[in-house]
Amino acid sequence: MTVRTRFAPSPTGYMHIGGMRTALFNWLWARRNRGVFILRIDDTDQQRNMDEALGPILQAFRWLGLDWDEGPEVGGGNGPYFQSRRRPLYDAALQRLLQDGHAYRDFEPAQETQRQREAAEQEKRVYVSSRESLLLTDQQIAQKLADNTPCVIRLKVPRGDTVVINDHVRGTVEWDCSLMPDPVIARSDGSPLYNFATVVDDAAMQITHVIRAEEHLSNTPIQVLLHRALGNDTPEWAHIPYVAAPGGREKISKRKIAQYRKNPQFKRLFEIGDTILTRLGFDASADALSPVMVAYYQQTGFIPAGVLNALVRLGWSFDDQTEILSLDEMQQKFSLDRVIRSPAGLDPDKLLSFQAHWMSQLPAPEKLEGCLAMLKQAGWINDPADPAVRGYVQQVMELAGDRLRLFGDIFQLEEFFIADAQLSRDEKAFEKRVTSAPEICGHLRQLRTQLETIPQFTAEPLHDLLQQFATSHSLRPGDLFPALRLCISGRAQGADMFRTLELLGRDRVLHRLDLALAGR
RNA sequence: GGCCCCAUCGUCUAGUCAGGUCCAGGACAUCGGAUUUUCAUUCCGGUAACAGGGGUUCGAAUCCCCUUGGGGUCACCA
């Protein structure tokens, strides 16, 4: 039997990192089994602008390279793939349930139900539905319907039963039906509720494996009951642990972003976002661009392989050694029975380390395009197609080497892109090594005249010149070099200084030296 | 509170189903050292965990029970 999995987001306008991990596991399981992966949009509650709400979700999938076999834009034989357009299917299923006596119209006012629920809670007794509407005769029901008395439709839970599932990750889990209230499956306006629509769709789309986060575990007995009532085969279940916030066990949530900013482990990502996103002209404080959302990683210049690698290792491992996995390797190695049961905190440090690894594996041309796009967006370059610009950026990139973990890291090399006078400066270090070191300043002035006349302004001769200069003036390189670097780049350390000088070129170097020695 | 789930280094995890080869392995982070004018990289090395208590057993991280702790969920949301 063909494996068919689905990911069913509700279109909220952003793609949650935890949801992405769930989607990845679904995708992986389908691919691993040469099955089908379906994207279905769970928009049973009323919709606003669908393009705006769905766009970021599809974009996240595309960015990470996860395709879908059926769903929005690609269609498929089990459409439509928007629940808002599947109403006739739900209506029909509802009629069957009503006719078979598996569901009933509940005319009890919501306040009354609420009252009973609270009363039960106060008396510390299990609340189950009163089912008073079940006592109504057909004639009374007809009358109420004719009077337009509002009613919801509830599933009639078989109270003597037990629901047992064999979950791929949790093993056997069971629930006693006598403890369950009858769940509402359709609102008083006739529209279906999540639990119901999901079951109808999962059956219609022949989903074989429902892989979702653990928070849905408590929905499972209702869905199993619904499948039974509808006469469906129940799919197999795999409730994977949810993704927790760094260092904790709490489900990562967009509502807690303010608190995450203070989280010592999470802070790093926020700081990266603050500098890079601001440079790009985004509002770095926007929820949609926080590290809780996939868009953050795309916009700051993470590469898909790094993010994917970090996500797949959250709650899953192949063995006791394998850490680095390409999407291709994941496809071959993923299995549900190696998914762990306890929640896994997103680990920013490890994510960054995966990121660094995959960046180092990225072919130079792709790396260049990534940096070019960043620089263009920030307005640091004008024409990314200009061969001279490309050549220059290429050299800066090579000089940066593995300091470049994200494309956004290119902004740390601002000395190559920012006008001399606008360069920011590490004032503390500058003060210590230049301003309050008059003899070094004197040396730098002498050095300046030599730099002015050196025939070839390239790394090799510059290296020789500087070494010689240091020796002949009995200066320690450790005193001279950082001072020089501070003058030309604003910082005391960085990539190879001689190459930096060469790339900057004589004019800029001299000009910056002048500015620095003049006190600004 | 009811129901359900979970519990190994700071973090992500291997080992748990089929008890011994585990005085617990790997990775990230961290600390030391080597290389590097600096920073980064790379390479070596170190610190660091079975929540607690009872059983069962010749033997328990692994099986059972209890306690504690953490979490999820309890809508005419998804």
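Below, chain A is the first sequence line, B the second, and so on; all start at residue 1.
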Margin query: Per the side-chain hydrogen bond (donor to acceptor under 3.5 Å, both in side chains) rule, what does the pair list look like for residues 13-22 of chain A, sequence neighbours excluded?
Written below: Tyr14(A)-Lys254(A)
Check: For Ser317(A), what residues pass the side-chain hydrogen bond (donor to acceptor under 3.5 Å, both in side chains) criterion, not counting sequence neighbours?
Finding: Arg338(A)
Next item on the list: With heavy atoms under 4.0 Å as the rule, sort Ile324(A) into base, sugar-phosphate or nothing.
Entry: nothing
Check: Can you give one letter per nucleotide of nucleotides 39-51 of chain B, going 5' to 3': B for a protein heavy atom under 4.0 Å from the base, S for sugar-phosphate only, - for none?
Finding: BBS----------
Note to self: Please list, in numerical order, the residues of residues 212-222 of chain A that have a heavy atom closer than 4.0 Å to any atom of RNA chain B.
What the structure shows: Glu214(A), Glu215(A), His216(A), Leu217(A), Ser218(A), Asn219(A)
Note to self: Under 4.0 Å, counting only non-hydrogen atoms across every strand here, what does Met180(A) touch: a base, just sugar-phosphate, or nothing?
What the structure shows: nothing
Check: Taking Trp175(A) for the side chain and Leu179(A) for the main chain, is one N or O donor matched with an acceptor at less than 3.5 Å?
Finding: no
Check: Are OP1 or OP2 of C76(B) and a side-chain N or O of Ser188(A) less than 4.0 angstrom apart?
Finding: no
Note to self: Under the side-chain hydrogen bond (donor to acceptor under 3.5 Å, both in side chains) definition, can you give me all pairs with a residue in residues 394-406 of chain A, not counting sequence neighbours?
What the structure shows: Gln394(A)-Glu398(A)
Check: Has the side chain of Asp43(A) got a donor or acceptor atom that lies under 3.5 Å from a matching backbone atom of Gln83(A)?
Finding: yes
Check: Which of residues 343-355 of chain A sit near RNA chain B, with a heavy atom under 4.0 Å from it?
Finding: Ala344(A), Gly345(A), Asp347(A), Asp349(A), Lys350(A), Ser353(A)
Checklist line | Gap in Å between the two C1' atoms, one belonging to U8(B) and one to A61(B), rounded | finding: 7 Å
Next item on the list: Taking atom C1' in both G45(B) and U35(B), compute the distance separating them and give it to the nearest angstrom.
Entry: 15 Å
Item checked: Asn219(A): partners by side-chain contact (heavy atoms from CB on, under 4.5 Å), with sequence neighbours left out -> Tyr194(A), Asn195(A), His216(A), Gln223(A)
Note to self: Can you see if the side chain of Arg187(A) gets near the phosphate of A78(B) - specifically, an N or O under 4.0 Å from OP1 or OP2?
What the structure shows: yes
Margin query: Considering every strand and a 4.0 Å limit on heavy-atom distances, what is the contact class for Val184(A): base, sugar-phosphate, or nothing?
Written below: sugar-phosphate
Notebook entry, point to check: For A75(B), does OP1 or OP2 lie under 4.0 Å from any side-chain N or O of Arg154(A)?
Noted result: no
Note to self: Please report the distance separating the C1' of C23(B) from the corresponding atom of C64(B), rounded so that it comes out in whole Å.
What the structure shows: 25 Å
Next item on the list: Mind checking side-chain contact (heavy atoms from CB on, under 4.5 Å) for Lys367(A) and listing every partner two or more places apart, or none if nothing turns up?
Entry: Met359(A), Leu362(A), Met397(A), Leu404(A), Phe407(A)
Next item on the list: May I ask you to decide if Ala459(A)'s main-chain N or O and Glu502(A)'s side chain share a donor-acceptor pair within less than 3.5 Å?
Entry: yes
Check: Taking the side chain of Arg249(A) as heavy atoms from C-beta outward, which of U11(B), C6(B), G70(B) is closest to it?
Finding: G70(B)
Next item on the list: Strictly below 4.0 Å, heavy-atom distances to any atom of RNA chain B: list the hits from residues 159-174 of chain A, or just say none.
Entry: Arg170(A), Val173(A), Glu174(A)
Check: Does Glu123(A) CD have over 12 foreign heavy atoms under 6.0 Å away?
Finding: yes
Considering only distance and modelled atom types, tabulate donor-acceptor pairs under 3.5 Å from the side chains of residues 150-161 of chain A, sequence neighbours left out.
unit_1, atom_1, unit_2, atom_2, d
Arg154(A), NE, Asp106(A), OD2, 2.6
Arg154(A), NH1, Asp182(A), O, 2.7
Arg159(A), NH2, Ser129(A), O, 2.9

Notebook entry, point to check: Hey, is the side chain of Glu323(A) pairing donor to acceptor with the base of G26(B) inside 3.5 Å?
Noted result: yes
Note to self: Between the side chains of Arg170(A) and Glu214(A), is the shortest nitrogen-to-carboxylate-oxygen separation below 4.0 Å, so that they form an ion pair?
What the structure shows: yes
Item checked: Partner residues of Arg448(A) under the salt bridge (Lys or Arg N to Asp or Glu O under 4.0 Å) criterion, sequence neighbours left out -> Glu452(A), Asp514(A)
Distance-only donor-acceptor pairs under 3.5 Å for side chains of residues 478-488 of chain A, two or more places apart:
unit_1, atom_1, unit_2, atom_2, d
Asp479(A), OD2, Arg476(A), NE, 3.2
Asp479(A), OD2, Arg476(A), NH2, 3.2
Arg485(A), NH1, Ala495(A), O, 2.8
Arg485(A), NH2, Ala495(A), O, 3.2

Margin query: Heavy atoms only, 4.0 Å cut-off, all strands: where does Arg117(A) land among base, sugar-phosphate and nothing?
Written below: sugar-phosphate
Item checked: First of Trp175(A) and Thr322(A) reached from the 5' end of RNA chain B, by closest nucleotide -> Trp175(A)
